[in-house]
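Reading through the structure tokens given below for one structure.
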Amino acid sequence: MDHQSGEGVNIHEFQAKELLRAEGVPIPPGDVATTAEQAEAIARKIGGMVVVKAQVHTGGRGKAGGVKLAKTASEAGQIAGKILGMQINGLTVHQVLVTAAADIASEAYVGIILDRASRKPVFMVSPAGGIDIEEVAAKTPEKIMKLPIDTRYGLQPYQASELGFFLFPDDVKKVRAASKIMMSLYQAFMKHDASLAEINPLVVTPAGEVLALDAKISIDDNALDRHPDLVKLRDETAEEPSEVDARNSSLTFIKLDGNVGCVVNGAGLAMATMDLVKYYGGEPANFLDIGGSSNPEKVVNALRIITGDPSVKVILFNIFGGITRTDDVANGIVTATKANPLRIPIVIRLTGTNEEIAMKILKDNGFSASSDMDEAVQQAVALATKGGKAA
Amino acid sequence: MDHQSGEGVNIHEFQAKELLRAEGVPIPPGDVATTAEQAEAIARKIGGMVVVKAQVHTGGRGKAGGVKLAKTASEAGQIAGKILGMQINGLTVHQVLVTAAADIASEAYVGIILDRASRKPVFMVSPAGGIDIEEVAAKTPEKIMKLPIDTRYGLQPYQASELGFFLFPDDVKKVRAASKIMMSLYQAFMKHDASLAEINPLVVTPAGEVLALDAKISIDDNALDRHPDLVKLRDETAEEPSEVDARNSSLTFIKLDGNVGCVVNGAGLAMATMDLVKYYGGEPANFLDIGGSSNPEKVVNALRIITGDPSVKVILFNIFGGITRTDDVANGIVTATKANPLRIPIVIRLTGTNEEIAMKILKDNGFSASSDMDEAVQQAVALATKGGKAA
Amino acid sequence: MSIFIDRNSTVIVQGITGRDGSFHTKQMIEYGTRIVGGVTPGKGGQKFDGSVPVFNTVHEAVKATGANTSVIYVPPMYAADAIMEAADAGIAFIVAITEGVPVNDMTRVHPFVKEKGARLLGPNCPGLITPGQSKVGIIPGRICTPGSIGVVSRSGTLTYEVVYQLTRAGMGQSTCVGIGGDPINGTSFIDCLAAFEADPHTSAVAMMGEIGGTDEQEAAEFVRTRMKKPVVGFIAGQTAPPGRRMGHAGAIISGSAGTAAEKLESFEQAGMGIARRPIEFVEQLRARM
Amino acid sequence: MSIFIDRNSTVIVQGITGRDGSFHTKQMIEYGTRIVGGVTPGKGGQKFDGSVPVFNTVHEAVKATGANTSVIYVPPMYAADAIMEAADAGIAFIVAITEGVPVNDMTRVHPFVKEKGARLLGPNCPGLITPGQSKVGIIPGRICTPGSIGVVSRSGTLTYEVVYQLTRAGMGQSTCVGIGGDPINGTSFIDCLAAFEADPHTSAVAMMGEIGGTDEQEAAEFVRTRMKKPVVGFIAGQTAPPGRRMGHAGAIISGSAGTAAEKLESFEQAGMGIARRPIEFVEQLRARM
């Protein structure tokens with residue numbers, strides 16, 4: 001099950017709930033707070049028992065102590081004070097959601113995931129909700145119903161009903177309520193170009209009401225251009241700073257634990273380069289794809305981001321010029337290192353479009369370069385391991 | 001070209017324009033008036049030259065003097081005073097639309113019609129707008145482009161662009177404006193379950209602006225249940241009163257010019273009955289389909305509506321009982337004639353479900369009935385022609 | 001034998017517990033149709049009429065009964081969904097009786113059913129009957145008798161009228177099909193004519209059209225080029241005024257197309273017999289058999 | 001000969017006057033590709049580069065030039081529309097280079113293209129090249145040389161790397177295809193493998209996969225059951241951490257599925273050769289030919 005296919009921009013639970021509420025999904029009242037005082041005020045307005053929930057882009061908030069029940073408004077304020085500023089899986093909590101607590105008779109899972117195998121959004125529902133759906137999939141797959149949706153037709157009422165009967169085989173009222181929620185969830189999924197939209201848990205109260213207690217939505221990166229409203233929901237404080245910096249420089253960057261800093265054009269070649277570093281006994285410090293366009297500025301930004309990581313011991317460029325002009329890359333290296341001289345060695349592999357010009361530029365500026373990938377990677381790994389200096 | 005397939009509820013020009021304006025179609029400002037004073041006030045608010053247009057459900061308003069230009073607000077009031085109350089094709093004008101006059105450089109036609117042959121809504125556009133599109137189709141068919149739309153995908157931008165280039169081959173700005181209007185027209189067509197949506201003329205002003213100057217929308221009768229807002233737009237004052245009465249009694253009724261009043265169950269049999277009346281030398285006074293359900297009330301209403309027409313000389317019932325129970329029909333006849341004794345002869349043909357019971361009911365109440373269609377029709381025609389009395 | 005249904009057809013009823021559904025289910029059972037189940041969401045597990053199992057969804061019904069045919073009596077706003085559910089569940093032959101289905105719904109339903117490889121009859125149709133074997137829909141069984149005339153029609157009661165005349169004249173029917181009068185329907189005249197031509201037990205066909213559209217002209221062309229069996233045609237609405245609707249969406253004349261004269265002309269060119277009155281089917285068919 | 005394109009392919013360029021479109025059109029013409037026209041709405045009637053006629057719509061372009069292939073360089077928000085326009089106009093083979101196409105768009109485009117009977121390559125792909133005959137897309141022509149190795153890959157520059165190694169080693173290529181890394185794309189590994197198996201001029205296949213999804217496993221199953229020609233496979237992303245995205249949407253590991261280990265295991269079970277490093281393709285292919 002390839003859950004997360006489609007790159008996704010995560011938005012916070014409270015934002016996802018707003019989007020679902022707008023489509024008519026019943027959700028207990030709540031609001032977001034950045035201070036203990038605000039949290040207390042929200043809890044007072046709601047009245048009764050509330051839940052205070054850390055808003056961070058990571059799972060396991062409950063286990064980490066980021067989700068707590070409060071009986072009174074002042075208790076809600078105290079709890080919020082503790083949760084705000086807390087670190088969960090390396091992310092600082094800047095906001096909490098304060099929401100009415102619901103009595104729970106049963107919990108179900110309802111999600112839509114863009115699936116590459118069927119080339120469709122797939123509904124996935126389970127009466128075993130509240131826990132990690134991947135655990136359900138692994139241990140009791142018969143408790144999961146999957147239904148691919150043909151987006152030319154959209155989710156049909158009969159399909160929503162089939163999903164509803166899978167959740168509540170003996171109660172047509174709950175089936176109707178759940179079906180309506182699934183129609184709304186699908187609307188939200190399509191309207192916002194989501195790659196994932198999840199309600200977990202979907203609860204039934206002792207009174208028989210069906211409610212969404214938690215929600216998660218990821219937006220397809222590629223569709224953001226037509227959703228300026230959703231771009232604003234992106235919370236950069238909830239992400240790794242160097243990755244935010246890279247994105248703002250139009251680079252794709254993921255920080256890893258090794259010491260060989262990699263700058264590559266193309267995701268496939270970038271992964272193959274990392275694999276080759278590992279193959280020769282090294283550890284990549286990152287994944288970094290400068291993409292196809294040959295803009296010296298990107299190279300400058302890439303170098304800045306990589307050298308910002310103190311664990312990086314060597315920089316490895318691997319550029320195969322197709323659309324990317326290797327002379328542009330060479331110029332970028334020269335410009336960046338003139339402005340900020342490197343304190344660690346650099347290994348450059350360049351081949352393809354304008355290779356001769358690039359080689360000359362590098363040579364004129366005191367760099368050497370190889371046109372062989374294996375050779376370059378071996379050299380970089382050697383430098384990272386033993387220390388030393390190239391260029 | 002079967003334009004009007006799909007039964008349609010017509011709405012007025014000003015209502016159609018409101019629906020299109022809501023989807024973003026550029027339309028000159030305007031409002032509807034029921035008095036000369038209102039018309040003058042609207043014209044004053046718009047400022048400059050206005051057009052005063054009779055709002056009736058019929059073509060040829062212009063020729064009938066129902067569309068006039070006014071240079072000043074007071075002239076608009078005077079013209080409105082003349083048009084209001086005017087008869088156009090037998091319909092009284094109760095409302096006028098007062099709208100800003102636009103300078104016209106060229107006129108085009110844009111329409112969407114539900115087409116039974118392709119089983120799709122079909123776009124029909126022509127650079128020869130402003131006149132009757134059927135005339136264009138007959139005389140210069142090469143000036144019409146037809147494009148069936150697959151509703152699973154909807155109108156695609158490239159299709160709107162193709163239609164736009166057909167209208168304005170040399171001006172991409174106008175193409176873009178027209179394409180946008182066609183996307184909006186399609187949205188309106190689908191959103192409101194239309195069977196017809198037309199902009200005629202779509203004009204280009206000397207400044208190059210593309211505007212909808214007149215609009216027509218018919219709504220699919222069958223879809224009205226999900227459009228309570230559109231049901232309200234139905235203007236019964238603009239329709240034949242006996243037909244409105246029939247519709248409100250769940251009967252399908254169309255008034256014709258003959259003297260044999262027909263009451264039949266099923267549209268096909270109703271038409272075949274009318275044809276047989278004609279075959280035997282008579283003239284049907286109406287088409288009336290009481291439908292499938294066997295409700296004596298419907299029969300009572302049918303008799304009331306038919307006997308309301310003074311030209312009817314004989315009433316002919318032709319009922320083939322399938323779902324319709326013939327005893328229900330017989331009971332209806334008895335009830336209706338007891339309440340309002342008939343002053344014209346009645347010929348009854350009944351066969352099918354519960355025929356024996358029906359025959360007995362009729363006999364017990366002094367009516368005779370036949371089970372043969374040809375026989376009954378001949379008898380009715382004879383009565384209508386010579387006068388006489390059956391039953 | 002027949003077309004589309006016979007004594008082996010296994011039928012489920014969508015909307016079996018509704019007013020129309022329950023009435024006609026009893027009629028079908030009485031006629032001998034093999035009604036193997038029904039569908040009403042929320043009534044799964046119940047028995048209709050003490051014996052027919054009811055299911056929550058068509059998928060469940062098909063899984064439990066192996067039905068290959070479905071007949072639909074649900075309200076018009078739910079009909080498109082019911083048809084798609086049946087097609088999706090693997091039902092091969094779907095008969096939609098429901099009248100008043102929004103036409104835009106059918107623009108999506110039609111390709112859906114086609115993609116699923118199913119055949120749809122209707123909506124807004126009386127269904128069909130293979131006399132002595134099975135009836136699916138609402139055609140009154142007692143007016144029919146087994147025989148070799150195939151009957152296909154766009155209207156309901158007019159079909160009954162003609163079938164009644166045929167039966168009175170001793171001319172039995174192989175299958176009588178009402179294709180319905182809606183602008184967009186699943187099965188066309190041509191589909192039925194092709195099936196009758198291929199059916200060894202059908203010797204001639206009676207076809208009842210209406211004014212409006214060009215289906216009858218296309219059917220005539222099919223008769224001319226592809227059929228060996230005799231076909232007699234009738235057109236209702238010869239006296240209808242142009243441009244006015246006549247209860248059926250199909251019964252419209254617009255411009256020059258779709259007039260009765262035009263349709264009858266196409267019948268003549270196809271060498272078809274023409275019944276000027278319903279009763280004339282008897283002599284016209286007899287003359288050609 | 002080759003798969004999908006050869007010297008007779010007649011190609012139009014959608015977005016021919018754009019920055020990328022114009023650059024790569026010149027490159028394609030230089031390589032020898034038969035570029036017969038271009039499409040940019042509003043620039044119909046102009047000539048690109050003094051010789052290639054530009055049209056307002058694909059329909060017009062196809063009507064005037066008889067093109068059978070189209071390559072798309074329009075911006076991502078217009079790409080779905082451009083693909084559908086090409087398919088609707090009767091283009092048989094559509095290559096969408098555009099990166100960043102919203103995935104939901106592709107859920108509709110995919111069935112549309114299929115219904116029209118066309119083949120789509122991409123989006124977010126480098127296109128393809130039949131060395132010495134035709135290139136459609138952006139693969140640098142000078143790294144390729146004619147020969148008998150079929151190359152198929154999910155990524156761009158990695159493909160170039162491998163092709164470059166093959167060329168250096170004297171192993172020419174029949175056709176090199178980049179299928180693109182998007183979650184929903186038009187042509188799969190299996191489509192290419194089947195075409196290579198059927199192509200008499202291809203003697204062996206080099207296949208470059210990535211972590212994420214199950215396309216490679218399905219491809220391996222296809223190799224095992226349906227192919228006689230040798231296939232050597234590579235998986236990029238063995239060191240990528242689970243659950244993190246790697247620039248390509250496809251390059252994701254989630255749960256147990258889609259790991260490099262799993263994919264390599266499936267290659268082994270299919271009897272495929274495995275290249276642990278890009279350079280190993282040379283020896284692995286040589287060993288099997």
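Bear in mind that the values here come from a model prediction, so they are computed numbers and not experimental data. Residue numbering restarts at 1 for every chain, and letters A, B, ... go by the order of the sequence lines.
- Contact residues of residues 110-118 of chain C toward chain B are C:His110, C:Pro111, C:Glu115 (heavy-atom distance under 4.5 Å).
- Of the atoms belonging to B:Ala194, it is backbone heavy atoms, and not side-chain ones, that fall under 4.5 Å from chain C.
- C:Val232 places none of its side-chain heavy atoms less than 4.5 Å from the side chain of C:Val205.
- When heavy atoms are compared at a cutoff of 4.5 Å, C:Ile139 does not approach chain B at all.
- Closest non-hydrogen pair, C:Pro140 versus B:Gly322, comes out as CG-CA, 3.6 Å.
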* To do: Could you go through the side-chain hydrogen bond (donor to acceptor under 3.5 Å, both in side chains) check for C:Gln165 and C:Glu161 one step at a time?
  => CA-CA 6 Å; C:Gln165 308 281 13; C:Glu161 184 71 46; 3.1 Å; yes
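- No hydrogens or angles considered: a donor-acceptor pair under 3.5 Å links the side chains of B:Thr351 and C:Tyr164.
- With a 4.5 Å cut-off on non-hydrogen atoms, C:Asn185 touches chain B through its backbone and its side chain both.
- Remark: B:Glu23 pairs with B:Ser184, B:Gln187, B:Ala188, B:Lys191 by the side chain to side chain contact (heavy atoms under 4.5 Å, CB included) rule, at least two apart or across chains.
- Residues satisfying the side chain to side chain contact (heavy atoms under 4.5 Å, CB included) test with C:Thr157, not counting sequence neighbours, are B:Asn265, B:Leu269, B:Phe320, C:Tyr160.
- For a residue to count as touching a neighbouring chain, one of its non-hydrogen atoms must lie under 4.5 Å from one of that chain's; by this rule B:Thr273 does not touch chain C.
- Contacts of C:Pro102 with chain B are made by both backbone and side-chain atoms, with heavy-atom separations under 4.5 Å.
- Atoms CZ and OG, on B:Phe253 and B:Ser242 in that order, are 4.0 Å from each other to the nearest 0.5 Å.
- Using a 4.5 Å cut-off between heavy atoms, C:Phe234 contacts chain B through its side chain alone, with no backbone atom that close.
- Contact annotation for C:Pro76: neither backbone nor side-chain heavy atoms come within less than 4.5 Å of a heavy atom of chain B.
- Comparing B:Glu283, B:Arg226, B:Lys120, B:Lys278 by how many heavy-atom pairs each has under 4.5 Å with chain C, the most go to B:Arg226.
- Here CE of C:Met28 is found 11.0 Å from CD1 of C:Ile129. Values are rounded to the nearest 0.5 Å.
- When all heavy atoms of C:Thr159 and C:Met208 are compared, the pair lying nearest together is CA-SD, 4.0 Å.
- Distance check, rounded to the nearest 0.5 Å: OG of C:Ser188 to CD of C:Glu218 gives 8.5 Å.
- Here B:Asp225 is the residue among B:Asp225, B:Ile149, B:Asp257, B:Ile319 with the most heavy-atom pairs under 4.5 Å with chain C.
- Only the side chain of B:Tyr280 has a heavy atom closer than 4.5 Å to any heavy atom of chain C.
- Residues passing the side chain to side chain contact (heavy atoms under 4.5 Å, CB included) test with B:Thr151 are B:Pro121, B:Tyr186, B:Met190, C:Thr107, C:Arg108, sequence neighbours excluded.
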